Every structure is written in C-alpha cells, then in structure tokens.
Amino acid sequence: MSAPLLAEFDNPEALVRAMRLAAADGHRALDAFTPFPVPDLTDAFAPPRNRVRPAMALAGFGAAAAMYALQWYASVIDYPLNTGGRPLHSWLVFLLVPFEFGVLIAAITGLVVLFWTCGLPRLHHPLFAIPQFERASQDRFMLLIASKDADATALRESLERAGALLVAEMHP
Amino acid sequence: MVQIFHPGADTVARVVLASIGAAPVLAVGLAYTLWRSPYATAQDVTVEQPVPFSHEHHVGGLGIDCRYCHTSVEKAAFAGIPPTETCMSCHSQEWTNAPMLAPVRQSLAEGRPLTWNRVHNLPAYVYFNHAVHVAKGVGCSTCHGPVQTMKLMRPSAPLTMGWCLDCHRDPAPSLRPHDAVFDMTWKPPADQAVIGARFAEKRHIKSPERLSECSICHR
Amino acid sequence: MSPLTTPSRREALRLLGAGITLAAGGCSKPVETIVPYVHSPEQLLPGVPVRYATAVSLSGWARGVHAIAVDGRPIKIEGNPLHPGSLGATDVFAEAAILDLYDPDRSRTVTERVNGIASWEMFERALSGPLATVQAARGRGLHLVTGRVTSPTLARQIDVLLRALPEATWQGHEPADDVNAERGAELAFGRRLRALPRLDRAETILCVGADPLGPGPDQIRFSNALISRRRDTARFGRLYVAEAALTLTGVKADARRAVHPLDQPAVLTVVANTLGAGLPVPELPEAARLFAQAAADDLKREEGRALVLAGPTLAPECHALAHWINARLRAPVDFIEPPDGIEGRKPATLSDLASALDRGAVTCLAILGCNPVATAPADLDLAKRIGRARFSLHAGLHGNETAGATHWHLPLTHELESWSDLRATDGTVSLVQPLLRPLYDGRSLHQILPLFSGRAATAGYALVRETWRERGGGDFEGWWRRCLHDGVIDGTAAPTLDPGEPRLIALPETRRGAGLTVELRPDPCLWDGRFANNAWLQECPKPISKQVWGNALALSRADAGRRGLEAGDVVRASAGGRAIEVPIVIESGVAEGVGMLTLGYGRERAGAIGNGIGANAYGLASAASPWLVTGVDLAKSDRTETILRTQNYVEIEGETRKLCRQIDLAALASAEPKGIGADQPSLLDPWKGDKDGHAWAMVIDTDACIGCNACVVACQSENNVPVVGPEEIARGRMMHWLRIDIYDEGGPEAPRAGFQPVPCMHCEHAPCEPVCPVAASVHDGEGLNLQVYNRCVGTRFCEANCPYKVRRFNFFGYADGQPYANLGAESVKAQRNPNVTVRARGVMEKCTYCIQRIATERQAAERDGRAMGPVTTACQSACPTRAIQFGDLAKPGNAITELRKDPRHYALMEELNTRPRTTYLANLRSPNPDLKEEHA
Amino acid sequence: MSGNAQPHRWIARERLGYGEICAAVADPIQRRGPGRAWVIAFLGVLPLVLASVIAIGAVLTIGIGLSGVNTTVVWGFSIANYVWWIGIGNAGTLISSMLLLTRQHWRASINRFAEAMTLFAAAIAGIFPIIHLGRPLYSYWLAPYPNTMDLWPQWRSALVWDFWAILSYLLFSLIFWFTGLLPDLATMRDRAQSRLGRKIYGALALGWRGSARHWAVYETFHKTMAALAVPLVCSVHSIVGLDFAASLMPGWQESIFPPYFVVGAMYSGFAMVVVLAIIIRWGLNLQALITPAHFDAMAKVMLFASIVMTFSYATEWFMGWYGGDHADRAVVSYFFTGDYRWLYYSLLFCNCLMPQALWFAQVRLNLCALAIISIVINLGMWLERILIVWNTLSHGHAVSLWRTYHVSFYDGVILIAPLGLFAFGFLVLARIFPIVSIHEVSQLAHDQGAARGRAS
C-alpha cells in the first residue's frame, strides 16, 4: 500500500469535485484540510455521531443540578442561618447561580470534547512535514486521499486532472 | 513546512492543558488541607514557657484540682492564670532553691509578673466563656485533652471554628455529670448518647440551630 | 524544641499561604502572651465589669455616677440612681468624662514656663519665696482663683487658708455661671438664695430665655421631672417658650415664639401686669405680645401649678420679677441656701483680679482648676495681665491657655483618679473616689492647697475623710463604706427655706441699639470649652443644628438674606472694639436681629483635638455683659467655611411627615396604635426558625426625647465607636451607631420639630441580610440583626439597602491609626470596652442592641442556671427621661409589649414591610388654641 | 440574504484572494513593524496603565476611603465603572453570537475584536467589585470552598450571583474567543517567519490542521457556544441589574431593570465597537474588511437601542408616578430637580437625543460623526450608571441622611486610567493575534463570491 496522497487545490469547489471523482474510482478520501469550513467536506467527513452537544448538555445540566444541590445543602442542611427572615430554601433565587455555572461547565466540557474528538493538542503530525501543507491554513484546499491500489500513480493523475496544483505523499 | 515540534511535544501539551484544569482544584485542596493541619492550627504543638511548668507533675502526679490555679473558671469567661503568689504558696516551702523556679521567686521579690506564652489561641473575634461551658457540664479534658499527661502544655484541639461548631451542633457526646467536669480521666460511658441527650435537656442547652448562631460566640 | 521554632514555622506558613490563597496578612497568629498578677486583687474576676459609685462635676456641680471598671481600668460612666443630679441617667459630659481621663494631651508633669519639665519639689522650692512674702503680709498679694467650689473639703481648706492669711483674696471664676439668677434672688428676697423650680409639680410653664431642658448641671433633673409629669396626660400641661434661638426646651415647647433677648423682659412685664403688677409696658412686637398675653392668661388660670423661668441672659431685675410672678402664681419652687461657695465668704470677681494685677498688687497668683485666660471675657485681657503677677501658677488637667500665661503649671488628677467630695445643685454631697492610680504625676486640688500654708502635700483620702469624720459618727468606717457604696451622703441635701415675700422690682430700661444682638450660650457639647479636647464631644452633633467640629453664628434666614450672607460665609463680628471671625449658619427659629453663638470653641491650647476648632465666642464677650453682646457689626469676609453637619435635611412635609409622627394632645384620644406592617403574600414560606424564648425589642418615646445626646455618647463609649474627625465628616462619613434626627414639620419661622433617636431597627425582615454575600449580616433566634465583623468583606450593599441608613462603614481604620481616634497614643486604648470588638478598616458596623450586655446576662444566667434578668442598653441607661425602653417581647407582661399597644405607637417606614423591632411613640403637643395661627 | 443584490457589500470592492485576506490581517503583525501610530499610542497609554496599577495598589493599602463614597452614598465610581465595563463587555459576545445565530455574516470582520473587547472589558470590570470592597483580601469568601470555619457564601445575595456571572462570563468569553482564534493561530503559525514565532503560535494552535473532521466538530461547538452565549450575556447583565433591582430602595426596586440593563449594555457595547472599529480600520488598514456597510448596520442597531433606552427611561418615570409610592415619586422628581439634575439632563442628551441623528444615512456613513456619537453614547451610559447609584442612595427613604457624593481624586483615576489599561490590552493584542477573524472573513469572501479563487 502506498502512502496517502495530499492534493492541493486553490478553491474548495475543485477539491470537492476531485474528491467525488476519486471516490467514484473507489479511492478512499481520508480527510480534507481547508482554511475555513466547507459544507460539502464537512458533510463528507463529519463523524457520524458528533458528541459535542450531548456532552455539553449533560455537563451543563449536571453542573447546574450540582450547584443547586450545593446551595441547598449549604443553606438548608449544613449551616442554616436566618437571613432577613427568608426561607432557608429560597428556590427562586437559587436558580440563578446554577444557570451561570451550568453554562460555564457546558462551555468547558465542549472545549474538552472538541479537543478530545479532534485529537488535539497534536503538535507533531506527519502532515506538518509536507512543505506545502502550510498553505492549508491560508489559501489552499488540501485533500488527503488513500489510493485503492498499491501504486498511487493513477490516483495522482486523476487528481491532477481534476485541478490539483500539487500532489505529495504523506509519510507517517 | 517542517515539523516545529518533536513527537514528544504532544504529551507535554496534554499534560500542560490538564494541569491548567487541575491546578485550581488542587490548590484549593492543598490550602484546605494545610489550613486544618496542625501546621496551621498549632494543635499538639508544645509551647515554650519561661518556667517549665508541668501539668503532668501537678495534675497527674500531685492531683491538684484545676480550680486551685484557674480560679475563675466557674465564674468568668476567663479561666484565670494564677498569680505568682499562688505558685509561691507551695514553693515557699517546696523546692525553695530549685533554679528552675528562679523566675517565680524573682517575680514575687520584684513584684514583676511572670509572662507566660499563650497556649490556647482561639481565633480572633471569639468571645469564649469558660463558666458557661463548665456550668453546662463540658469537662476540661473535652477541649484541653489529657492535661495530666502533658509535661509542657500544648493545645490538643485545632480550635478552629469548624471544631467549635462540631460540638455546638451536637453537644450531647461532650456533656458529663457535674462532678466529672474536672475529672481529667473521664471516659464517656457506653450509653453516653442517651445520657448526654438527657443532660442537654435538663440543663436547658439550646438547640443546635441556636448554638451555631453567630451571636453565640461573636459580637 | 528551640524557641525559634514556632515563629519561624508560622512565618513559613504565612508565606506559603500567601502564595496559595492570596490571603496572607490576616492569617498569621503572632505568639500572644498572658501576664497574670503577682498578687491577685481580692474579689476581682478577670474581665468582669465592676461598678463603683463616684461623681463627676460640671461647672463644679456633681452628677453622681457609677464608673464601670474592667480589670482595674474604668471604661464607662453610668448614672447613679440614688443621686439627685443623675437619677440613674447621665448627660454627654458625664459620659465623655471617661475619654478625658485617658486624654493623651493631659499634662503629665509639673512644668515651668522657661525651663520646661520640672518636678513638684522644684515647684515647692520656687513657691517658698513668694509664699514667705505673702505670709509676712498676712496674705496680702496672694490671689487664689478657683472655679465654683462645691466640695466641702475644698471649701474647708480654702477657709482654713484664708483664716490663716486674712488679707489673701479668693476669686471665683465660672464661665457658665448663673450670676444673674443669683443677683435676681438677692434683689427679690434680700438674701442669697438658690431657687429649685419643681418641674414635676408645675404644669403650665413659661420659659423666657430659659432652657431648663438644655445642657447644664440640672439638665437630667429638670428633664426627668418635666417628662415624668407629662407621661400622665392629665398633667401634660403646657410649655411656653419665648427665646432668641431654638433650644431643647424650645423644641419641646407646646407654644414657642422667637423673641429678641431685649424684648424678653417685656414678656415678663406682660405676665406680671396680668397678675396685677401694674408696671409700665414696654414696646413689644404684636406676635410676641399676643403670645405673652396668651401665656399669662394660661398661667393665671393654672395658679398653683404654673411657673415662670427666666433665662441667664436676662438682667437680675428680670429674675427678681420672675420671682415676684412665681410668688403670685404660688409656683412650685423650692428655695435653699446656695450650696456652693464658702460659708461667710463671697469670692471676688475676675474684674477685681484684673485691677489688682494692674496695680501690681499680686505677689502670688494661683489659678486652680480653671482656665480664665481662655474663658474670661475678652475685655479683661487676662493673658497679658497675668504677666504682671510676681509669681503665678496654674493647676489643671491640661497645659492650657492659662498655663501658657503663668510661670508654673501643675498637673491635676482627673476626678476618676482622685479623692474628693462634691455637691449637687440641691446640696447633696457625693464622695468622689478614684478608680485607678493617677496615670501621670498629678495631684488633686486638695493636695495642692496645703502647699500655700507651707505644709507638705497630704493625701486627698485623708483630707476628705477628715472633713466627714464628725458626721460619720461612731461607726465611721461603716458609714464611710456605705457612703462610698451609695455614692451619696444621706441627708446632705440643703433644707428648703421660706424665702419670704419677694419685692416687686421695676425693670431697667432696655434700649435696642443698632446692629445685631448676639446671644452667647454654653455649648451643648463643649460646655464652656473645658471639653474642647474631647473628641467624642467635638464629634457629637449639636442637638439642633447637628453641627460638629465647630461652632457658627446662627442667624435667621431673613436676617442673613438682608445682610447678603449665606451659610458658610465667614464674617468678622465686632462689638466695642472686640472682634472675632466666625462662619454663618442659617437656623430655624432665630429671632429677627439676633445671632446665637456658643462658647467653648477657638481654643488655642486645648490639645491636639481641640486646638483651632471653631470661633472663640469669649472674644466677643465683655465682663459687663458676658451673655449678651449688643451692637454687633457683621462684615463679610471673602472666606467661606464648610459647616460640618451630620444632618442636612430637617424639614419634612406631606408624605415625609410620617417619618416623625406628631400628635396634638387633643387628638390622642382618637389615635390608633400603628403596627409594624403586615406580611405580604409571598411565593415562599416565611422564616420559621428557632425562636428560643427571647425577642428583643426597643420602643423609643419621641415625646420624652429631649435630644440631649446622652445616649449617643453613651453608645460611643460602650461600643468602642471611633471618632472620624472633621475631614471625614466633610466627606459625609460618620460613625455614630445611634443618631438623633431632628425633623421639623413647621418651617423656619415657626418650627414644629421633634427628635427621633435612630439606632438599628433590628428588622425581622432585615433588608440588609439577604444582600450580604458572605452572611456577615444575619439574624439570630432572639431577633437580633447581627453584624459579624470578622466575616464582613465590606461590600456595603447592606447599608445601600438599609432604608434607615443606620449602618456605619470603616472607610479607613478609624479605630486605630487615625489622628482623631487615638491621637496616636496608647492610653486611649485603655478606654475600650473589652467585651466589644474593635472594628478594623473595611468592615461595616452598627447598633447591636448592646449585644455584649445581652450576652453577659445570658451567660450569667446560663452559668447560674436561672432565667435571664432584664438587660439595659447603654443608650437606655443614659437617657435622662427614660425615653428609650428595651425589653423582651417574648416575656409576658413586659413593659415593651404594652408600649407597642400605645395609641402613639408607630414604626418607621412600616410600609416597607421590614417589621422593625425598634419602634416609636409619637411626639405629643398641647398647643394653645388661642395661638393656633402660628402653625398655619 | 441581500448579498445577491450587492455581492461585495461586506467586503471591499476589489476582489481579494484568500492569501491576500490572510496577508491583510497577518502581515501587519508578522511582516511589518508596529508603526509610528502604534508606538505613540503605546507610549501614550503606558502612564494610564501605571496610574491604574498605582490606584489599585493605593486602594488596597490605604483603604476604600480613598473613594468619594460616604455613609449614605456607600457606592460610587467603582460600581458605576463596573456596570459600564461589563456593559461594554457584553456587546462583544452579543455581536459574535447573536449575529452568528441570525446568520448575519457581516459580523465576520468585527466579531474577533468585539470578542477581545469583551474579554478585556469583562476582566477590567471584574477588578472593580474587588477593589471597591472594604477588605478585598477576603473577596474569595464569595466562592464556595472547603474551609475550617464551616461557612458558605450567602446564596441569596445578588453579589454572589454577580460573582458567578462574572466568573462564568469571563471564562466563557475566553473559551469562545480562543476557539474562534484557534484556526487563525494555525494560519499565524504557518505564516510565521521566525522560529520562535512558529513555536509560540504552533503551541497555541495546538496542532490545528483545518481538517474537515475538525471543522465539523468545531462548527458544532462554536454554534452551540453562540447559542449559549446569548442567554448567558442576557443573564449576566440582568444579574447586574438585579444588584439594584433586588433591593428595596426607591429608584432601584424596579422590575424593568434587568432588561433595561441588557439593552443598555448592548447600546454602550455597540458604541464601543464602533469606536474601536474606526480606530482599528484606520490603524491596521482594514478598509477592505470593515466597510461602510458595517458601520451603517451598527449605527442602526445603536439607533434602535437608543429608542429602547428612551422608552425605558420613560417607563421609569411613568412607573414612579403611577406606582404612587411616595419615595419612588420623590426619587423621580429628584432626577430632574435634585443635586445631580445637570448630569441627568446630560445623560438624556447623550443617550436619547444625540443618537437620533442616526436616522440620517449621511450621519451613519460619516465615520467622524459616528465616532463622536458613539463616544457621547458611552459617556451618557456611564452617566446613567453613576446616576442610578447616586440618585437613589442620595435620596433614599431616610430624609435625615440625604447627602451627595464627593468625587475624589482616586475616583477620577479609576474612571480614566482603566481606559488606558483597555487600550494597552488592545494594542498588545493587535501585535500578537489577528484582530480580524481570517477564517471567517475568508469564508465570507468565498460565500459572497468575492474571492478571486472562484473565478480562476
């Protein structure tokens, strides 16, 4: 099996076109690298189950519930104090802090899940070794694709036909 | 483009990120652990004194009652530190020439008081009252520990607010019969829970809510 | 273990802690030491307050007090119920005496003007020369100047001295004297008499320039009598006041007119003529005449229960006329021999001294315990004249202005440090006993006087006992101990006399010249200036103007407008060649053409606190007319001063009137008690906490409140309330836990004012509590609104949300390190109440209902296994009229519960549903229906 | 969207390639020196930074007595500044999130510095509640943490809510800003010329590669954050409003306060964004990315907010009168006749009258006029905050303690100097991080068909 190829395009439409062509040929597109999100690519590569939102919801509600429980425990059970004749369990005003805290924890969880799902931080990556890759964050759109054949020449040619400016091999 | 980082950098980055998350939690935990440790509370830390007065000898050995020296413990907030003349009431006959007692004799001769170092340092702003605790049947050893075994005095409790509250929220285990208050060797009987609760009721000890109100100790 | 271990371990911890929790400073505990006694004093429990009966003086007159000492240091003054001048209450001066004791500016050693610090031996040597001269001349050239002498021992000592040296002269100088009243009695009855008006028996009272409820040695006695009588609404009577500027009596008056001091004799004439005197009626403005006539008719109707009082500014003839009127009215006045002075001797005046000095006839001048250089009228110019004495000395608590003019200054001991005896205004003698050894190298007057007989100083204790040896009888020690315990010597009150029929004296012509007439009054806070270095009194708001840290010339709005003056303008007031610079303040109820200025300010050598504060009113006074300066010319300067006041808004109208409920006596029958507000419907359950059997509450009777400030200073003394100083007051900051608001629903011309002491309301639904983020402000089961100082982080949300604005914040470390708080000295710390936390910078504080007193009583009750007895708050115990009542609502039959059902009862801002525990009784008035138009 | 009619409305007329977009944003940081204007500005704000530090140091050591607060008016500049700054801070996230959710793509050019503005403003705002305390060392007592005293915060206090609101908002904004920045950090890494630059940006970019999988997760996360941000922002300023509304003081105890505070925050925040946008556009030559259309849109938002604010004021007066409570009426009349009446009239001029000029397109498109109006609005909003504090506290229930605030020197310093702190932060940030979102502008360019890449 040959090393996966990294094809460089100067616009996302060309990349999508090339990817579809190659996929039709039975090659396996591994990933695409673009300076901004391209909806077609996102659809193509998106993980089937994106866990960010469920995780955030879970953590957020959990944290809110925990915070509410803490307030209740602190002011009803652990150290009940008469503040201005207010009920110990002043549930109306106990709703505010859990909300703020829940949102905060949801955000932190989301960030953690984002990093987790994306495998970040990943400071050292084989792609970084490819000289042209530095333009993937600027003005080039890259497709990483694995050839179905042992010899990747066919794929390379097909990519170049589809408008790839440069095609390089990625070595792990 | 060339690789900027070595492969190992990934691990470093992950550890750094994890530490950023963990640091605040660990710091709070560490601070709390430290703050309640004897390191901060001075619990069980012996205090040097100008005269090495031994409670072990006087209480444990000679069996002198607490109130012989701490005369106002039943009457006032402050238990009282004996005046020099109290020491000299015996030591004018006993150990009259002991070099250890030179500061005491000097104090009496010059009319200059002895300066003791405080052992039980309550948190600031607390108005503790010995008389009430004694009257309600809280024994000396409950807070001061086995004084009769201490060569030099040391606090045997952390004296933190949380420690005070432990008892104020549940006084029954610490309540004794009145005649056992000054008994340094008192051990709670097996049915202390029942007896303590009965004492609490009989002695009109306030509810845990009342006893943990701020104004009980602070003003 | 090495001795270094503990501190270094603590230090390490502190540094570590600093890094971890950012809470460095507050966490380290330094090693504290405990210093026991060498010999334990008998019957002294550590930290437990002990009371001793003694007396403190005001202008020489005794007010019997209980001094409270903890661990041997006096910390608080309270009233002595057995003493007729105290009746268990105090006034501001008695309360503040404790701070005077610890004043770090008190003189500590004998000083000589040129060589500075000296000793008693050196002084005695220096005295021997001039003393030999005067002894050789049978005393000629020896001048003793004292204040009012009421001490039998001192009188005896002076008498002995004067007997030995018959040519010596004794001068009396009391700045706030009542010489016109004395002379008036002499004119009327032909002999010296002292009148004791019985305000408890008189019901219809006319005060012409008199201020019986105002500050002075008789304030407690008079106000207690008047208010106790008025509590019985059947004997409410009616109080008429004709005065030049508003006084405390004027505020409490049922009918009041601002009357020019020179018109006041005419008011008396109208009354006298109504009673058949047939005197020529001088001119009188119509309003004043109507007023005088209405009062006269009322007085005549109430014969036997009516009384007329003449003020200190009125001429002796007016006092004589008042005596004549009172005799006609069969007024309840007791007459006694004047209890002050020395039997058979009449003190010479300062004018005599001045002429003697001018003649060069003064060999040895001894000024004992008074300060004539500062307090004598300006035209005597004593500062310069004293220099003409060959040898002069001054004995006093402070190295004051007089000390600066004499050769020698001798430190006196404070009354709380010395043995003495003092008479009250009715003659009752109290023993003065020391609570501690003299802090400095001072001696009492009793110890100093023997020096002039060439004898060695004797202990005051022996001298006082010697005076009473005979009276004590057989069991002298038992008698002595009983007298010390009670604080009064039984049976020493002067017997009442039948003065005989007073003569009807024609009044001298009074002519109103051009220019302003300025009435001088003793200051309600500094009195005659002797308290100028007392920071509590400097910061005590004057009852009516609420001015602090200074005095000002009060003018009516119309007068000020006519002269183009505004409040704060500094004017140069001059009369007869004397002039002072003084700021103007505009006040309600000042008569046209009159200015009012209080004495005691503008001191040059009062001490660090009092120096240079305010304007020296003595600079305007003349020896001929010390209380009234006529023909004063005001010249506006280009300077202005901020008048420092703690209350800027006084007038209430419309809806704000309910802040200070006032009811006419006639409407009392239909008045309903107002509650503390009803619970509003809520989504939440109300608090159902542990009640624990006590519910503290306070009811303040605003009708009984005479605004005297005794409670304010008592609170300050009891609760370690710091002073903030004039700069902070100027920034709008203050510290008094208890303030007395004055509200006027009348207007500048016809004030209808009421006093309202405002401590913390201890609301059941306290608005301050739910807003505190750290629960520093919380409630306890006894209904106290607590402020936990050590938990407070200082958000000040509680004060922002307090509708009553009773919380006080330590913007700086007022209790320590502030120039006005401790004067940079340790000694002031000794005054602090050890049972009350001294608050740090950055924390909120407020009235606690004297929680330390509640706790002390609760703990004593717990210790002794009994029920709690009554608790008295500091303000309550100070109040001369018992306007403040404190008690337990949960206790059946407690007086406080009954007061809450009084028809006059109301709560401040009950509509806010805060359910305050401090509530009020409305002010009552019984206006004369004939004079109704005045409150239109 | 209207993009069809005006294809390049939100981006410069001349078509920019993606590379040029990157260059426009990144090059001023990486290829060019700071420039004279930057240096002058930097030196100009340094004294203010120093003044802030000294003022904070002074108040911590000497005490809050330095401020003009007094026994009656216990709150003052610190609180007004806090509310003002947190208001500024709110707009950034609002712009970012609200516009993201409503698919207002033009936000791409301004959201990054609006978010940075949020971050700095919230951080500066967070200083004030601490330095206004009597005992700032113990401010951590507002947090629930295990302690030997067995004590907890008092959860019913609006200040505890505030603590959590600020904390959550600050951290949330940081996360939001950082995730938005992450792809741009990768761009910076890839364009960095020095080894150190590559290392630093590389470390901060965490190895972002622009992978389609990453983008998928990233977009989900970013949109979710935006969705959360809107209620968070509203709640934060509502809670600030509750600081006042949850009291029983006349003029504070008003149910309108929370929404009115939120709109006020948006108002002052937008005004601040306009000022910053004008400065940044000029300073970094971003005329291509921040177009007159942006200013037009923001001006319309401000005009809207101005009308809402005017309505809120009117509601306040009406409710004061209609409610019939004496104290409320007294406070409302105190607004107009009391000690601070001239400030109140100024506030009405700044917040209600002046912005009406924005009805006119000429004004909206005249940057100079817009800048002046925006600054005036910010001034007016500060006046509003200080008057909320002063009017009520000076003229509360207790007549005897009515008194005014005495402005102190320290107050002046903490009013002005933090602006320098804010500018300092921005100046430093502008030299380190892309001040305009590269990836979002590129996407916008792509979506608008403005990018040359498509044509080739």
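All figures in this text were calculated on a predicted structure; none of them were measured in a lab. Quick note on labels: first sequence line is chain A, next is B, and so on, each numbered from 1.
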Turns out that what part of D/A143 lies under 4.5 Å from chain B's heavy atoms comes down to neither

In short, side chain to side chain donor-acceptor pair (under 3.5 Å) pairs touching residues 5-20 of chain B with sequence neighbours left out are A/R122-B/D10

>> Looking at B/R36, I want to see if its CZ is surrounded by more than 12 non-hydrogen atoms of other residues, nucleotides or ligands under 6.0 Å.
In response: no

What one should report as the nearest heavy-atom pair of B/M161 and D/M149 is CE-O, 3.5 Å

By ring pair (Phe, Tyr, Trp, His ring centres under 6.0 Å), B/H218 pairs with (sequence neighbours left out) none

Here the pair of heavy atoms bringing D/R198 nearest to B/I4 is O-CD1, 3.8 Å

Within residues 163-175 of chain B, contacts to chain D at heavy-atom distances under 4.5 Å involve B/L165, B/D166, B/R169

- Check whether any side-chain heavy atom of D/T148 sits under 4.5 Å from a side-chain heavy atom of B/P158, and report yes or no. no

>> Could you check whether atom CD of D/Q193 has more than 12 heavy atoms from other residues, nucleotides or ligands sitting under 6.0 Å from it?
In response: yes

d(B/W35 CH2, D/N147 CG) to nearest 0.5 Å is 12.0 Å

So the ring-ring contact (aromatic ring centres under 6.0 Å, His included) pairs with at least one residue in residues 184-217 of chain D (sequence neighbours excluded) are D/W208-D/H214, D/W208-D/W215, D/W208-D/Y218, D/W215-D/Y218, D/W215-D/H439

**Prompt:** Counting heavy atoms not belonging to B/H204, are there more than 12 under 6.0 Å from its NE2?
**Reply:** no

Looking only at B/G29, B/A9, B/G162, the option with the highest number of non-hydrogen pairs under 4.5 Å against chain D is B/G162

